[in-house]
Amino acid sequence: MDKKIVIVGAGVAGINAALKLVDNGYPGELITMIDMGKDPYNRKPEEVMCGFAGAGAWSDGKLTYHTAIGGQLSKYCGEEKAMELMNQVITNFKRFHPKPEEVQCSNPDTEPEFIKPYFGLRLFPVWHVGTDYLSEIAKNWYDYLVSKGVGFQWETKVTDINFNENSLGYSSLPVKLGKLKPLSYDELIFAVGKSGIDFAQQLAQEYKLPDEPKSVQIGIRFEAPQKHFQKLIDISYDFKLYRKFEDKGVSLRSFCTNNNAAYVAVEETYGDHSYNGHAKKDEAYRNDMTNFGILMEINGIEDPFEWSRNVVKKCQMLNTGLYYSPNIKNSASKTSEGGKVSSYQIVTAELDKVREAFEGYFEYIEDFIEDMKEVFPTLGDEWGMYIPEVKYLSPEVKVDYKNLALVDYPNVHFVGDALSARGITVSGAQAIYVAENILESK
Ligand SMILES: Cc1cc2nc3c(=O)[nH]c(=O)nc-3n(C[C@H](O)[C@H](O)[C@H](O)COP(=O)(O)OP(=O)(O)OC[C@H]3O[C@@H](n4cnc5c(N)ncnc54)[C@H](O)[C@@H]3O)c2cc1C
C-alpha cells in the first residue's frame, strides 16, 4: 500500500474512489485530490460545475438505480456487478446524510396497458436525496476524508499530464501563485467531469488515445399542452417512452420531460441553433405545457459528429432553427423571460427539406409522433416541434474494461462523465470499480 494516488476532480466520482480506498485501509496520506473549484465550506451554490462534490451532487440529488440510465457501466463489469457498485454509491450518500431516513426511493413498477401496444416505458428506481441536504453531505464526506489524511488542493487546475513520466502540471487559479512544480503519481484517477471535457479531448489528441465508436443522438423537441399527457405524467413525471429498430441500428426515446412550467430553450452550438427544455419551479411561471426531446440514437454512421453538425446546419433558416406544427394557427411558445423561442416557422410542404437533411431518419420521428396520437387520443394536431435537438457526444477513450485504465497507460484510469457516464450513480460506481481494482492489485 505504498502507491501514490492522484485524483484529478473532486466530483462524485473522485470522492467515491477516495472513500472506497480509505474505507479499506488505504493510507489517506498517499491520496491527493486536485480540483479547480472550492472546498464544500467555501463553494457557493451558484458554482454549479466545479468544486467538492462536482456538478449534480452539489445542485440536484436524484440517484438513478438502473444500468440503462446515466451512461455506461454494465458494458465494463456486467449487469450484476454494476448494480452492486451503484448500490455502494447510494449507501455512501445515505451514510453521510444528516437524516438518512428521509432518503426516499420512487420505483414505478408496472408499465401501463395503454402504452404497451406502441411504446416501451422505461421504469427505474430513483433515490431522492433531497437538494437541501447535499451541501451537508458534501461537508461530511470532506471532513471524513480529511480525518483519514487525504490531501486536497483547491482552486488548482491540472493543465497537462505526462503519461510517460507519470507526472502532471498544474496551476493555482488565484493568479498570484501561478504554475506549480509538477506532481508525480503511481496511479492517476482522471475524474474531471463535463467541466474538464476540453482537457480530456486535449489529452486524447496529444496522446492519440484510441476511442470507442459513438452513435449519433439527434431529433426534435416536442411541445404540447400538458393535459394530453397527464395520464402518463401521473405515473411517471419524467416519463421515458422508447422503441428500438435493432436491424436498422436506430432507437428512439423521449428525453428530459418538463411539465407544469415547461419552457423550450435555444442552445447555440458552433453558431447554429438547436433546442432543449427546462422547467421552472415557481408557480408564477406555470404554463401547463409539456415538452420533451424525441431523440434518435443512430449507430453505424462513420463520423457521427460531422454528420450531426451537417443535419443541424441544414435545419437552420434565417440564422435560427425551425418550428413546425400541423396546425398553422400554432406558433412557437414563449420563453420563461417572455420573448418568443427563436425559430423559423415552416409549413407542411417544407418538411421535405427536413426529411432530406435527416437523410431518411426523420420518418422514425414522424412515426413516433403518429403513434403518440394513438396513445394520447386528445393530442390531435395540438402540438409543435422545434427542429433540431442534438447531443454532440464527446469521444469516449478506449479503456481496459477490467480497471478503466487507458489501453496504453495502465496506471491512468478514466472515470465518471470524463469516460462514459452521464449521471451521479454511474459516475461514482465507475470510480469505486477502479478503486477496488487498485486495492486488489496493490
Ligand atoms: C445542474 C445539474 C444537475 C444534475 N442533476 C443530476 C441528478 O439529479 N442526477 C444525476 O444522476 N445526475 C445529475 N447531473 C449529472 C451529474 O452531475 C454528473 O453525471 C456527475 O456529476 C459526474 O460526476 P463526475 O465526478 O464525473 O464529474 P463532476 O461532478 O463534473 O466533477 C468533476 C470535477 O472535476 C473538476 N475539474 C475539471 N477539470 C479540472 C482540471 N483540469 N483540474 C482540476 N479539476 C478539474 C471540476 O471542478 C469538478 O469539481 C446533473 C448535472 C448538472 C450540471
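For ligands, and for the atoms within them, numbers begin at 1 and follow the listed sequence.
- Protein heavy atom at the shortest distance from atom 49 (O) of ligand 1 is D35 OD2, 2.7 Å.
- Counting protein heavy atoms only, atom 45 (C) of ligand 1 is closest to M36 CG, 3.7 Å.
- Checked by distance only, ligand 1 and A13 come closer than 3.5 Å through their nitrogen or oxygen atoms.
- Between the side chains of Y263 and E337, no donor-acceptor pair is found at a separation under 3.5 Å.
- Each of the following atoms of ligand 1 lies closer than 4.0 Å to a heavy atom of G54: 28 (P), 29 (O), 31 (O), 49 (O).
- Residue V12 has at least one N or O atom closer than 3.5 Å to an N or O atom of ligand 1.
- The shortest N or O to N or O distance between K62 and ligand 1 is under 3.5 Å.
- Nearest non-hydrogen protein atom to atom 26 (O) of ligand 1 is D417 N, 2.9 Å.
- Classified by interplanar angle (parallel below 30°, tilted 30° to 60°, perpendicular above 60°), the ring pair Y207/F163 is tilted.
- The backbone N or O of Q316 sits nowhere less than 3.5 Å from a side-chain atom of H273 that would complete a donor-acceptor pair.
- Inclusion of G51 in the set of residues having an N or O under 3.5 Å from an N or O of ligand 1 is warranted.
- The G416 neighbourhood of ligand 1 comprises atoms 26 (O), with distances under 4.0 Å to a heavy atom of that residue.
- Comparing I424, V158, V415, V129 by heavy-atom distance to atom 42 (N) of ligand 1, the nearest is V158.
- Contact analysis puts A191 in contact with ligand 1, with a non-hydrogen atom separation below 4.0 angstrom.
- The shortest heavy-atom distance from S195 to ligand 1 is under 4.0 Å.
- Counting protein heavy atoms only, atom 5 (N) of ligand 1 is closest to D60 CB, 3.2 Å.
- Here is the list of ligand 1 atoms found below 4.0 Å of a heavy atom in F199: 41 (N).
- Ion pair E136/K139 not flagged as a salt bridge, since none of the NZ, NE, NH1 or NH2 atoms sits closer than 4.0 Å to an Asp/Glu carboxylate oxygen.
- Of the protein's non-hydrogen atoms, V192 O, 3.1 Å is the one closest to atom 37 (C) of ligand 1.
- Between the side chain of T91 and the backbone N or O of V89 there is no donor-acceptor pair closer than 3.5 Å.
- For atom 53 (C) of ligand 1, the closest non-hydrogen atom on the protein side is M49 SD, 3.6 Å.
- Taking any N or O of A55, backbone or side chain, at least one lies under 3.5 Å from an N or O belonging to ligand 1.
- By the 6.0 Å and 45° rule, K402 does not stack over the aromatic ring of Y76.
- A perpendicular orientation is assigned to the rings of Y270 and Y392, their planes being inclined by more than 60° (bins at 30° and 60°).
- Sequence neighbours left out, the pairs with a member in residues 283-303 that pass side chain to side chain donor-acceptor pair (under 3.5 Å) are Q217-E297, R221-N291, N258-N291, N259-T290, E283-R286, R286-D288.
- Taking the six-membered ring for Trp and the full ring otherwise, F358 and W307 have centroids separated by 6.0 Å or more.
- A salt bridge links R243 with D371; the closest basic N to acidic carboxylate O contact falls under 4.0 Å.
- Proximity of L63 to ligand 1 is not established, as no heavy-atom distance is less than 4.0 Å.
- Note: F376 and F239 have tilted aromatic rings, judged against thresholds of 30 and 60 degrees for the angle between ring planes.
- In terms of protein heavy-atom proximity, atom 2 (C) of ligand 1 is nearest to S59 OG, 3.7 Å.
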Inset, instruction - Go through E396 and K75 one step at a time and tell me if the salt bridge (charged side-chain N to carboxylate O under 4.0 Å, His left out) criterion holds. - result: CA-CA 13 Å; E396 174 193 331; K75 164 172 118 177; 2.8 Å; yes
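- Taking any N or O of G423, backbone or side chain, at least one lies under 3.5 Å from an N or O belonging to ligand 1.
- In this structure, atom 34 (O) of ligand 1 lies nearest to the protein heavy atom G9 CA, 3.3 Å.
- Heavy-atom contacts of R422 reach the following atoms of ligand 1: 19 (O) (cutoff under 4.0 Å).
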Inset, instruction - Check the pair E267 / Y275 against side chain to side chain donor-acceptor pair (under 3.5 Å), numbers first and verdict last. - result: CA-CA 6 Å; E267 283 183 343; Y275 297 94; over 6 Å; no
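- Among A431, G193, A418, the residue whose heavy atom lies nearest to atom 27 (O) of ligand 1 is G193.
- Polar contact with ligand 1: absent for K157 (N/O pair, distance under 3.5 Å).
- Between D35 and R43 there is no salt bridge, since no side-chain N of the basic residue sits under 4.0 Å from a carboxylate O of the acidic one.
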